[in-house]
Amino acid sequence: MNLPNKITVFRFCCIPFLMAFAFIEFPYHWVATLLVYFVACMSDKADGIIARKRGIVTDFGKLMDPLSDKSLCFAAYIILIDMGWHTDICIMLMLAREFLVAGIRMAAAANGEVVAANGFGKCKTFLQMSTTGLTFLFLAIGEGPLNIDMSTPWLNIYCTIAFWIVSIVAVLSGLIYAKDGWHLIKTK
């Protein structure tokens, strides 16, 4: 297994630690959550740069890299949902998009094709990672020496707005994948 693929697998391995640090309360557990999430998110950028620089883009990477990103982002959303910061419709839209794209990728694989992430999908992933990461940053700041109360309504408002923005981008991204993969969807 090459280095970029190992980094992709590493991102999957970060998810249990992310969940544990978020759900098990101990001093500075949000700082630990933020650090794990940051490292995992940065590993996404690192594996892509290394793969392109060394010319070792693989089918495994094309399939598993987006899957590891989705898994990481939805783990973060599960944490936020557990805290009560969510809009159910947004989560359903994002999940529907993910299942649509996964279905297109499976149909493509059955036809010997590989559907890599496009620019709009990468934008969606960036927005998911940055908005959830910013939320973890706010929670980590709240644990600091100033002990700022981050449970105020503005954080809930921020999360709701961020979820809606990401949901809209996710739907648009899914529509682009559906248009590009229509030859795999339509019946003969």
Side-chain angles (χ1 to χ4, degrees), residues 2 4-5 7-15 18-19 37 40-53 55-82 85-136 158-188:
N2 64 38
N5 290 344
I7 294 171
T8 295
V9 171
F10 165 78
R11 196 158 44 260
F12 278 112
C13 295
C14 288
I15 294 170
L18 176 75
M19 303 297 281
Y37 194 66
C41 289
M42 289 299 101
S43 75
D44 179 40
K45 188 72 174 164
D47 68 13
I49 290 170
I50 293 168
R52 285 185 292 279
K53 184 177 178 182
I56 48 177
V57 177
T58 64
D59 287 345
F60 176 87
K62 288 180 188 176
L63 291 171
M64 296 307 287
D65 181 69
L67 186 58
S68 68
D69 297 342
K70 291 174 197 352
S71 300
L72 180 65
C73 289
F74 277 100
Y77 283 126
I78 288 169
I79 293 165
L80 299 179
I81 287 169
D82 185 67
W85 298 335
H86 65 286
T87 303
D88 296 338
I89 295 170
C90 294
I91 297 297
M92 291 310 298
L93 289 171
M94 286 188 273
L95 281 172
R97 182 262 185 214
E98 300 306 340
F99 284 119
L100 171 68
V101 173
I104 290 169
R105 284 193 169 119
M106 284 188 266
N111 288 336
E113 298 177 40
V114 174
V115 177
N118 64 28
F120 220 82
K122 290 179 182 182
C123 177
K124 183 252 337 161
T125 300
F126 171 78
L127 286 173
Q128 284 178 321
M129 288 180 173
S130 60
T131 56
T132 51
L134 190 56
T135 304
F136 291 145
Y158 161 77
C159 287
T160 301
I161 292 169
F163 271 44
W164 273 108
I165 290 170
V166 175
S167 297
I168 291 167
V169 172
V171 168
L172 293 174
S173 169
L175 292 174
I176 290 169
Y177 276 102
K179 180 187 79 63
D180 292 346
W182 189 249
H183 68 284
L184 300 165
I185 299 171
K186 67 181 181 178
T187 56
K188 297 182 182 194

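All values below come from the heavy atoms of this structure, side chains included, with hydrogens, waters and symmetry mates left out. Numbers here are sequence positions counted from 1.
- We find the CD1-CG distance between Ile168 and Leu93 to be 9.0 Å, quoted to the nearest 0.5 Å.
- Expressed to the nearest 0.5 Å, how far CZ of Phe99 lies from CE of Met92 amounts to 8.5 Å.
- Taking every heavy atom of both residues into account, Ile78 and Met19 meet most closely at CG2-CE, 3.7 Å.
- Leu100 and Ala178 get closest at one heavy-atom pair: CD2-CB, 4.1 Å.
- Across Leu172 and Phe120, no two heavy atoms sit closer than the pair CB-CE2, 3.3 Å.
- Other residues, nucleotides and ligands contribute at most 12 non-hydrogen atoms within 6.0 Å of the CD1 atom of Ile89.
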Show the numbers, then the answer: is there a side chain to side chain contact (heavy atoms under 4.5 Å, CB included) between Ile79 and Leu18? CA-CA 9 Å; Ile79 293 165; Leu18 176 75; 3.9 Å; yes

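- Here the OG atom belonging to Ser43 is positioned 8.0 Å from the CG atom belonging to Asp69, to the nearest 0.5 angstrom.
- Annotation: ring-ring contact (aromatic ring centres under 6.0 Å, His included) contacts of Tyr177 (sequence neighbours excluded): none.
- The two residues Asp44 and Met129 come nearest to each other via the heavy atoms OD2-CE, 4.0 Å.
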Evaluate the criterion side chain to side chain contact (heavy atoms under 4.5 Å, CB included) for residue pair Leu67 and Arg105; output intermediate values, then yes/no. CA-CA 11 Å; Leu67 186 58; Arg105 284 193 169 119; over 6 Å; no

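- Taking Arg97 as the reference, nothing meets the salt bridge (charged side-chain N to carboxylate O under 4.0 Å, His left out) condition, with sequence neighbours excluded.
- Shown here for Pro66 and Gly61, the closest heavy-atom pair between the two residues is CD-O, 3.7 Å.
- Between Thr131 and Phe163, the closest side-chain pair of non-hydrogen atoms is not below 4.5 Å.
- Not a single donor-acceptor pair under 3.5 Å links the side chain of Asn111 to the backbone N or O of Glu113.
- Residues forming a side-chain contact (heavy atoms from CB on, under 4.5 Å) with Ile50 (at least two apart in sequence, or on another chain): Leu3, Pro4, Ile7, Arg54.
- Counting only heavy atoms from C-beta outward, the side chains of Phe74 and Ile15 never approach each other to under 4.5 Å.
- Considering only heavy atoms from C-beta on, Phe126 stays 4.5 Å or farther from Cys41 through its side chain.
- The CG atom of Leu127 sits 10.0 Å away from atom OG1 of Thr132, with the distance rounded to the nearest 0.5 Å.
- The number of heavy-atom neighbours closer than 6.0 Å to CZ of Phe12, taken from other residues, nucleotides and ligands shown, is above 12.
- For the atom pair Thr8 OG1 and Arg11 CZ, the distance stands at 4.5 Å (nearest 0.5 Å).
- A heavy-atom distance below 4.5 Å is not found between the side chains of Met64 and Asn5.
- The minimum heavy-atom distance between Gln128 and Tyr37, with the atom names listed, is O-OH, 3.9 Å.
- The CG atom of Leu72 sits 7.5 Å away from atom SG of Cys14, with the distance rounded to the nearest 0.5 Å.
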Worked check of side chain to side chain contact (heavy atoms under 4.5 Å, CB included) between Val9 and Phe60: CA-CA 11 Å; Val9 171; Phe60 176 87; 4.2 Å; yes

